[in-house]
Number of protein chains: 2
Amino acid sequence: MTARDTRERILDHAERLFAEQGFDRASLRSITDAAEVNLAAVNYHFGSKADLLGAVLERRIGPINAERIRLLDQAAEEAKPELPRLRTVLECFLRPAVEMLGDVDPTILMGLGRILHERGEEARGHFDRLFANVAERFLILARICPELAPEEIHARFHFMIGAMLHSTVQVGPAKARPRPVDPELRLAQLLAFVEADFIAPPAKRESKGIELQPEESSS
Amino acid sequence: MTARDTRERILDHAERLFAEQGFDRASLRSITDAAEVNLAAVNYHFGSKADLLGAVLERRIGPINAERIRLLDQAAEEAKPELPRLRTVLECFLRPAVEMLGDVDPTILMGLGRILHERGEEARGHFDRLFANVAERFLILARICPELAPEEIHARFHFMIGAMLHSTVQVGPAKARPRPVDPELRLAQLLAFVEADFIAPPAKRESKGIELQPEESSS
DNA sequence: GTCTATAGTAAGATAGAC
DNA sequence: GTCTATCTTACTATAGAC
């Protein structure tokens with residue numbers, strides 16, 4: 001077995017087990033046992049359990065974010081000397097995720113999405129690092145929506161990311177979750193939702209979007 | 001300090017720490033330190049960490065479910081010899097939660113809601129136990145919606161519970177979450193959403209309700 | 001790069017004195 | 001009921017042979 005095999009095998013099973021059980025409950029032993037590699041290989045290749053999670057997320061999200069930037073550059077080029085339309089920019093953000101994650105087991109997507117919530121502050125580090133480039137490039141939104149203050153743009157961008165993550169956390173029995181949906185349809189729905197969020201006037205965003213079902217709980 | 005104080009103090013701080021950090025990361029030691037009680041008191045009063053979580057959930061959800069059943073009995077009595085209206089029954093389910101949780105710190109509600117997701121199978125036991133009575137009584141929905149198969153009723157009921165839990169998992173930076181919303185407004189919104197879910201024709205429930213933002217992820 | 005063996009830590013649980 | 005002290009277990013991480 002080559003070193004590359006070992007690395008990939010660890011990543012594959014770490015991803016699955018993190019998603020299935022959460023970061024804390026998935027032990028390195030269970031991961032290396034499943035991957036049929038030695039326990040010490042994790043620290044050799046990744047340094048620590050936290051960095052292993054980082055690598056897992058990087059492998060999924062990195063290519064998506066690279067594609068986002070590629071599409072955005074292309075859209076900006078085509079629109080010159082104007083700015084691209086809001087919807088176009090949002091599509092540059094959403095399309096790579098919908099397309100590149102379409103074939104991934106939804107259970108894994110849900111699980112990884114949950115992990116980014118689960119461990120607020122610790123995951124925040126991974127999160128910020130992974131999205132640093134994308135967030136910076138998509139500041140073009142500030143020029144497309146000049147009526148929104150920078151903090152407002154920032155909040156809405158985070159809201160958009162959050163809505164995507166949020167929507168991964170499916171609830172109820174598995175069979176109640178209808179599965180295959182046409183990717184273009186999904187993209188259109190998501191786009192409509194997110195665009196509405198960006199078009200909304202500043203301030204006073206109480207009863208909109210995902211807030212439509214107000215916070216409620218545990219019962 | 002009386003025994004009752006000890007019990008309540010443990011429950012208070014366990015609830016907070018479970019909500020803030022999740023079940024696994026909140027250690028019994030951190031809980032007993034915060035509550036200023038002895039470590040062994042947890043096992044004395046609750047038996048185990050898992051049972052402590054059960055008691056925390058019971059304390060919040062138990063009274064709500066009791067009130068749900070009380071309201072449903074009352075509605076059924078008033079409607080005799082007819083069946084109560086669908087909306088009335090759903091309101092019997094939703095109102096106690098909205099009213100009785102209105103004053104609870106949203107952070108705690110979110111945290112507890114997340115825990116019920118977080119640890120799928122383990123939490124499922126608590127979940128089923130806590131909702132057993134309520135689920136049984138609300139089978140009256142099957143008679144009110146005779147066009148829906150029993151499994152369909154069951155799925156939609158779970159979907160309703162899930163939607164409530166789901167909506168607790170707020171995302172994005174804390175300041176982006178607008179807070180105080182009029183309870184009656186929240187109830188009305190939630191009711192509209194849930195009623196729409198129940199009124200929908202059988203099968204083919206793909207692009208409705210919370211599914212409106214399709215499953216998507218990690219990016 | 002891979003392995004064995006183990007150090008070091010933190011956790012849940014409990015026995016037994018008071 | 002409460003406390004101290006301890007048992008047992010599981011984990012991450014690493015040192016060092018190969």
Side-chain angles (χ1 to χ4, degrees), chain A residues 1-59 111-112 115 118-123 125-126, chain B residues 1-59 111-112 115 118-123 125-126:
Chain A
M1 181 169 4
T2 71
R4 179 168 159 65
D5 278 342
T6 299
R7 248 188 88 96
E8 292 298 314
R9 290 171 66 81
I10 292 173
L11 285 174
D12 287 343
H13 288 87
E15 176 173 79
R16 181 177 57 81
L17 289 167
F18 283 157
E20 285 175 7
Q21 309 180 350
F23 180 78
D24 291 308
R25 302 172 88 81
S27 71
L28 291 182
R29 280 174 175 77
S30 70
I31 292 168
T32 53
D33 284 356
E36 295 176 294
V37 302
N38 189 275
L39 170 62
V42 170
N43 277 335
Y44 176 80
H45 286 285
F46 302 97
S48 72
K49 188 183 183 182
D51 288 339
L52 172 59
L53 173 62
V56 165
L57 296 175
E58 172 77 45
R59 186 173 63 149
L112 293 184
I115 282 179
E118 199 161 282
R119 341 175 318 115
E121 290 314 307
E122 276 187 79
H126 290 307
Chain B
M1 182 170 2
T2 73
R4 178 167 160 66
D5 279 344
T6 299
R7 250 189 86 96
E8 291 298 313
R9 291 171 64 83
I10 292 173
L11 285 173
D12 287 343
H13 288 86
E15 176 174 78
R16 182 177 56 82
L17 289 167
F18 284 156
E20 285 174 9
Q21 309 180 350
F23 180 77
D24 292 306
R25 302 171 88 82
S27 71
L28 290 183
R29 282 174 174 78
S30 71
I31 291 167
T32 54
D33 284 356
E36 296 176 295
V37 302
N38 188 274
L39 170 62
V42 170
N43 277 334
Y44 177 79
H45 287 283
F46 301 98
S48 72
K49 189 183 184 184
D51 288 339
L52 172 59
L53 174 61
V56 165
L57 296 175
E58 172 77 44
R59 186 172 63 148
L112 293 184
I115 282 179
E118 199 160 280
R119 339 173 324 114
E121 290 314 306
E122 277 187 77
H126 290 307

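Fair warning: this is a prediction, and the values are worked out from it, not measured in the lab. A, B, ... follow the sequence lines: proteins, then strands. Residue 1 opens every chain.
- The CG-C1' distance, from A:L52 to D:dC11, rounds to 15 Å in whole Å.
- Taking 4.0 angstrom as the limit, A:N43 places a side-chain polar atom (N or O) nearer than this to OP1 or OP2 of D:dA13.
- Under 4.0 angstrom from either OP1 or OP2 of D:dT4 there lies at least one side-chain N or O belonging to B:N38.
- Put simply, CG on A:L39 is 12 Å from C1' on C:dT2, counting in whole angstrom units.
- When rounded to the nearest whole Å, the span between OH of A:Y44 and P of D:dT14 equals 15 Å.
- The CG atom of A:L11 sits 6.5 Å away from atom CG of A:L52, with the distance rounded to the nearest 0.5 Å.
- Rounded to a whole Å, the CD1 atom of A:I10 is 12 Å from the P atom of C:dG1.
- Considering only side-chain atoms of A:S48, the nucleotide from D:dA13, C:dG12, C:dA13 that sits closest is D:dA13.
- Within the model, atoms CD of B:Q21 and CD1 of B:I115 stand 10.0 Å from one another, a figure rounded to the nearest 0.5 Å.
- With rounding to the nearest 0.5 angstrom, the CZ atom of A:F23 is 12.0 Å from the CG atom of B:D24.
- Rounded to whole Å, the distance from CG on B:D33 to C1' on C:dG12 is 14 Å.
- Distance, A:E8 CD to C:dG1 P: 13 Å, rounded to whole Å.
- A:H45 has its NE2 atom 12 Å from the C1' atom of C:dC3, to the nearest Å.
- The line from NE2 of B:H45 to CD1 of B:I10 is 5.5 Å long, rounded to the nearest 0.5 Å.
- Regarding contacts with the backbone of D:dG1, every side-chain N or O of B:T6 stays at 4.0 angstrom or more from both OP1 and OP2.
- As rounded to whole Å, 19 Å separates atom P of C:dG8 from atom CG of A:L28.
- Within 4.0 Å of B:A40, counting heavy atoms only, lies at least one base atom of the nucleic acid.
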